[in-house]
Protein chains: 2
Amino acid sequence: MTTDADDRIARRQVDKFAERRRQLADAALTTLAAEGYARTSLRDIARESGFSVGVVHYYFRDKVELITYCVRRYKAACVERYDAIAAHATDAEALLRDAGDGLAATLEQDALMHRLWYDLRSQALFEESFRLDVADIDASLERMIARIVDTYAELVGVAPRCPSALAYAAFDGLFQQTLLRHLSGDPAALDDLRAGTRTLLTHLV
Amino acid sequence: MTTDADDRIARRQVDKFAERRRQLADAALTTLAAEGYARTSLRDIARESGFSVGVVHYYFRDKVELITYCVRRYKAACVERYDAIAAHATDAEALLRDAGDGLAATLEQDALMHRLWYDLRSQALFEESFRLDVADIDASLERMIARIVDTYAELVGVAPRCPSALAYAAFDGLFQQTLLRHLSGDPAALDDLRAGTRTLLTHLV
DNA sequence: GAGTTTTCTGGACGACCGTCAAGATTTTCT
DNA sequence: AGAAAATCTTGACGGTCGTCCAGAAAACTC
């Protein structure tokens, strides 16, 4: 049987392997965010990572496994980011402001990642390989919006008036349209997102 | 100078050339709808059209010109389809019903074309070549939603309470989420679109 | 230090891509 | 009927793609 020292050594190697996979996946996400799914090759990803294409194949069975791993990694980052939005508001007005500011902040700071999200969600309609992971992300996003809507409803002392799927759809549309405008250079886009968030929350609750 | 007969002959040839371009573009749209932008090659399009790749190159300078022409052709079809939605309602309840039924009908009948639309809109964020045409389509869609919202507002005798861009964003999100669900086989998707259309109209006006 | 294991490189392969052009075929004109 | 123009086919080209693998280099073990 192996000793604790054996376990520690084996564990260190496993951790090293996993750490390299994360590193490669981060290079992949960077390239995907910059170029889009359709225009990203394994050679591009390798170049971004500083390793050869052979290393990508050493750590991932094929391109599909790498992309799927990336989507899962993206999801983890997503959940972390969104759970923080409007998490501490204690009155309705503060929540309206924090929700709008939170969504505007994440859109501005991670515009290219959000663009990638819509790209991948769209690609998932044509390719099976990461469709379930994309659906998981959508479900997380819906929960985030439901949390904000429910919290707002509580703070104004009413029950929410529409299903969480509809609220999510409306916010998703607002976010996506704002992203398009922001990426086109529209200076009013983020303020319109804040105002739109307020309008949707007050009208849908 | 040319005679009338000369004009008729030249015109017939120009028409023949344009007709072949439309035919090739329709084959391209069919293939794009089935496979998505990323996975569609000129060879695939040629195969769908029944002509060789050389014919595609005879009528279009390159792939970019073909895709751009397709997007414009798609836009024309879009505008025609959407201008008919809820165009004849004479009371608020009829408009709510017609708008929901119209959006549900077009989603159901042209699901793959709508999927293509979201694919192309997403691609337009990464490639310049058809970005302006995609923006034109978005503007048409916004006008369509604005028309429906304004008509509803008139019928209930109030002014609309939110900007057309926000109304369009919310409807676009609803439509897209419904498309995702419909394509995944969710039997309730279209009914939820009808219900969601009603909720958005009544709450945003 | 030698042997073993892990990690990584770089070249090759077959397939596919967009584009081009010579020439065949069809259509039109005289 | 023959010539000209228009239309179309087919093969080739250079480039890119994902994948594979022999072997080099680095790290590790004894």
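Values reported hereafter were calculated over all heavy atoms of this structure, with side chains retained and with hydrogens, waters and symmetry mates removed. The shown structure was predicted, so the numbers you read here are calculated from the model rather than taken from an experiment. Proteins get letters first, then strands, A, B, ... in listed order; numbering begins at 1 in each.
- Exactly one of B/Lys16, B/Arg21, B/Arg22 qualifies for a side-chain hydrogen bond (donor to acceptor under 3.5 Å, both in side chains) with B/Glu19. That residue is B/Arg22.
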(message) Between B/Tyr74 and B/Asp133, is the side chain to side chain donor-acceptor pair (under 3.5 Å) condition met? List the steps.
(response) CA-CA 10 Å; B/Tyr74 176 91; B/Asp133 296 299; over 6 Å; no

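- Between B/Thr40 and the options B/Leu29, B/Leu32, B/Leu116, a side chain to side chain contact (heavy atoms under 4.5 Å, CB included) holds for only B/Leu32.
- The nucleotide whose nearest atom lies closest to any side-chain atom of B/Tyr58 is, among D/dT7, D/dT19, C/dT9, D/dT7.
- The separation between B/Phe51 atom CZ and C/dT25 atom P is 17 Å, rounded to whole Å.
- The CD-P distance, from B/Glu127 to C/dG18, rounds to 12 Å in whole Å.
- Looking at B/Thr106, its side chain never comes within 3.5 Å of a backbone N or O of B/Leu103 through a donor-acceptor pair.
- Between the CZ atom of B/Arg20 and the P atom of C/dT27 there is a distance of 10 Å, given to the nearest Å.
- Candidate nucleotides C/dG18, C/dC8, D/dT19 were compared by shortest atom distance to the side chain of B/Lys63, and C/dG18 ranks first.
- The aromatic rings of B/Tyr118 and B/Phe175 sit tilted, their planes meeting at an angle between 30° and 60°.
- Closest to the A/Lys16 side chain, of the nucleotides D/dT19, D/dT7, D/dA27, is D/dA27.
- Taking every heavy atom of residues 21-49 of chain A and every atom of DNA chain C, pairs under 4.0 Å involve A/Arg43, by number.
- Contact annotation for A/Tyr59: backbone-only contact, meaning every heavy-atom pair under 4.0 Å involves sugar-phosphate atoms and none involves a base.
- Atom C1' of nucleotide D/dT10 and atom NE2 of B/His57 are separated by 13 Å, given to the nearest angstrom.
- Straight-line distance from the CZ atom of B/Phe17 to the P atom of D/dC8: 10 Å, rounded to whole Å.
- Between B/Tyr37 and B/Phe130, the ring center distance clears the sub-6.0 Å criterion.
- The separation between B/Asp15 atom CG and D/dA6 atom P is 15 Å, rounded to whole Å.
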